[in-house]
S.K.: 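Below you'll find the structure I mean.
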Amino acid sequence: QVQLVESGGGSVQAGGSLRLSCAASARAFSSYAMGWFRQALGKEREFVAAINWKGGSTYYADSVKGRFTFSRDNAKNTVTLQMNSLKPEDTAVYYCAGARQVVPPPSANGYDYWGQGTQVTVSS
């Protein structure tokens with residue numbers, strides 16, 4: 001069973017930065033596409049960002065484009081979401097997800113593994 005463990009969440013004021021990390025237990029991690037999703041209180045889970053197996057292609061939701069950067073280190077089995085210029089509307093539980101394919105799935109349903117989530121709170 002693959003385990004994904006997020007870290008780096010916390011509280012920050014608007015305009016600040018946070019760095020989320022996700023560590024994967026899978027030996028095949030380097031062949032997995034990875035994604036970040038978030039779910040705010042009372043709202044549905046939404047896509048944030050995705051990255052292909054080599055890290056050469058990244059995809060972002062329009063709401064975070066230009067502020068968030070998704071990267072991966074296959075040697076360390078980790079992915080990182082650098083979040084800058086945070087806004088109160090970024091407040092949510094952030095989930096790391098992994099898919100057993102090299103290209104990110106088109107929706108959350110295509111991901112095979114999920115982390116437990118980490119809270120990000122941005123105050124105005």
S.K.: Taking all heavy atoms of Ala40 and all of Ala92, pick out the closest pair and write down the distance.
M.R.: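 Heavy-atom minimum between the residues: N-CB, 3.7 Å.
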
S.K.: Tell me which pairs pass disulfide bond (SG atoms under 2.5 Å apart) where either residue lies in residues 62-124, with sequence neighbours left out.
M.R.: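 Matches after skipping sequence neighbours: Cys22-Cys96.
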
S.K.: Listed by chain and number, what are the side-chain hydrogen bond (donor to acceptor under 3.5 Å, both in side chains) partners of Ser71, not counting sequence neighbours?
M.R.: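 For Ser71 there are no side-chain hydrogen bond (donor to acceptor under 3.5 Å, both in side chains) partners, ignoring immediate neighbours.
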
S.K.: Quickly, which of Val48, Thr69, Ile51 forms a side-chain contact (heavy atoms from CB on, under 4.5 Å) with Tyr60? Name it, please.
M.R.: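 For Tyr60, the side-chain contact (heavy atoms from CB on, under 4.5 Å) check succeeds only for Thr69.
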
S.K.: If you look only at pairs with a residue in residues 39-57, which of them pass as a salt bridge (Lys or Arg N to Asp or Glu O under 4.0 Å), with sequence neighbours excluded?
M.R.: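 As it turns out, the salt bridge (Lys or Arg N to Asp or Glu O under 4.0 Å) pairs with a partner in residues 39-57, which skip direct neighbours, are Arg38-Glu46.
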
S.K.: With rounding to the nearest 0.5 Å, note down the distance linking OG in Ser11 to CG in Leu18.
M.R.: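 Here the interatomic distance stands at 8.5 Å.
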
S.K.: Taking salt bridge (charged side-chain N to carboxylate O under 4.0 Å, His left out) as the test, write out the residues that go with Arg19, two or more places apart.
M.R.: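 Here no residue qualifies.
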
S.K.: Ignoring hydrogens, what is the shortest heavy-atom contact between Ala99 and Gly110? Give both atom names and the distance.
M.R.: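 Smallest heavy-atom distance, with atoms named: CB-O, 4.0 Å.
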
S.K.: According to side chain to side chain contact (heavy atoms under 4.5 Å, CB included), who are the partners of Gln119, at least two apart in sequence or on a separate chain?
M.R.: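 With neighbours one apart ignored, the set is Thr91, Val93, Thr121.
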
S.K.: State plainly whether one hydrophobic cluster holds both Phe68 and Val12, where clusters connect Ile, Leu, Val, Met, Phe, Trp and Tyr through side-chain heavy atoms under 4.5 angstrom apart.
M.R.: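 Yes, Phe68 and Val12 fall within the same hydrophobic cluster.
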
S.K.: Shortest non-hydrogen contact from Thr80 to Phe70?
M.R.: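 Looks like O-CD1, 3.2 Å.
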
S.K.: Strictly by disulfide bond (SG atoms under 2.5 Å apart), give each pair with a member in residues 57-88 just once, sequence neighbours left out.
M.R.: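 As it turns out, there is no disulfide bond (SG atoms under 2.5 Å apart) pair with a partner in residues 57-88 once direct neighbours are skipped.
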
S.K.: In a table with atom names and distances, give each donor-acceptor pair under 3.5 Å that connects a side chain of residues 23-32 to protein atoms at least two apart or in another chain.
M.R.:
residue	atom	partner	partner atom	Å
Ser25	OG	Gln3	N	2.7
Ser31	OG	Ala28	O	2.7

S.K.: Considering residues at least two apart in sequence or located in another chain, which fulfil the side-chain hydrogen bond (donor to acceptor under 3.5 Å, both in side chains) criterion with Asp62?
M.R.: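 Once residues adjacent in sequence are excluded, the partners of Asp62 under the side-chain hydrogen bond (donor to acceptor under 3.5 Å, both in side chains) criterion are Lys65.
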
S.K.: Taking all heavy atoms of Ala14 and all of Pro88, pick out the closest pair and write down the distance.
M.R.: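 Shortest heavy-atom contact: CB-CD, 4.1 Å.
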
S.K.: Looking at side-chain heavy atoms only, is the closest gap between Trp36 and Val79 below 4.5 Å?
M.R.: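 Trp36 vs Val79: side chains touch.
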
S.K.: How close do Ser85 and Ser17 get, counting heavy atoms only, and between which atoms?
M.R.: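 Nearest pair, atom of Ser85 first, then Ser17: N-OG, 4.3 Å.
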
S.K.: Mind checking whether Val64 and Tyr95 sit in one hydrophobic cluster, side chains of I, L, V, M, F, W, Y counted as touching below 4.5 Å?
M.R.: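 The answer is no; the residues belong to distinct hydrophobic clusters.
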
S.K.: Does Phe47 have any ring-ring contact (aromatic ring centres under 6.0 Å, His included) partners at least two apart in sequence or in another chain, and if so, which?
M.R.: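 Phe47: ring-ring contact (aromatic ring centres under 6.0 Å, His included) contacts with Phe37.
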
S.K.: Would you mind reporting whether Leu81 and Met83 have side-chain heavy atoms less than 4.5 Å apart?
M.R.: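 Yes - at least one pair of side-chain heavy atoms lies under 4.5 Å apart.
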
S.K.: Just to verify, what does Gln101 make a side-chain hydrogen bond (donor to acceptor under 3.5 Å, both in side chains) with, not counting sequence neighbours?
M.R.: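 If we apply the side-chain hydrogen bond (donor to acceptor under 3.5 Å, both in side chains) test to Gln101, skipping adjacent residues, there are no hits.
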
S.K.: Taking only residues two or more places apart in sequence or in another chain, which ones pass side-chain hydrogen bond (donor to acceptor under 3.5 Å, both in side chains) with Asn74?
M.R.: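 Only Arg72 meet the side-chain hydrogen bond (donor to acceptor under 3.5 Å, both in side chains) criterion with Asn74.
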
S.K.: Could you state whether Tyr94 and Leu4 fall into the same hydrophobic cluster, counting links through intermediate Ile, Leu, Val, Met, Phe, Trp or Tyr residues with side-chain heavy atoms under 4.5 angstrom apart?
M.R.: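 Cluster IDs for Tyr94 and Leu4 match.
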
S.K.: Which pair of heavy atoms, one from Tyr111 and one from Gly35, lies closest together, and at what distance?
M.R.: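 Tyr111 and Gly35 have their closest heavy atoms at CE2-N, 3.6 Å.
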
S.K.: With sequence neighbours excluded, give me every salt bridge (Lys or Arg N to Asp or Glu O under 4.0 Å) pair touching residues 97-118.
M.R.: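 For residues 97-118, and leaving out neighbouring residues, the salt bridge (Lys or Arg N to Asp or Glu O under 4.0 Å) pairs sorted by first residue read Arg100-Asp112.
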
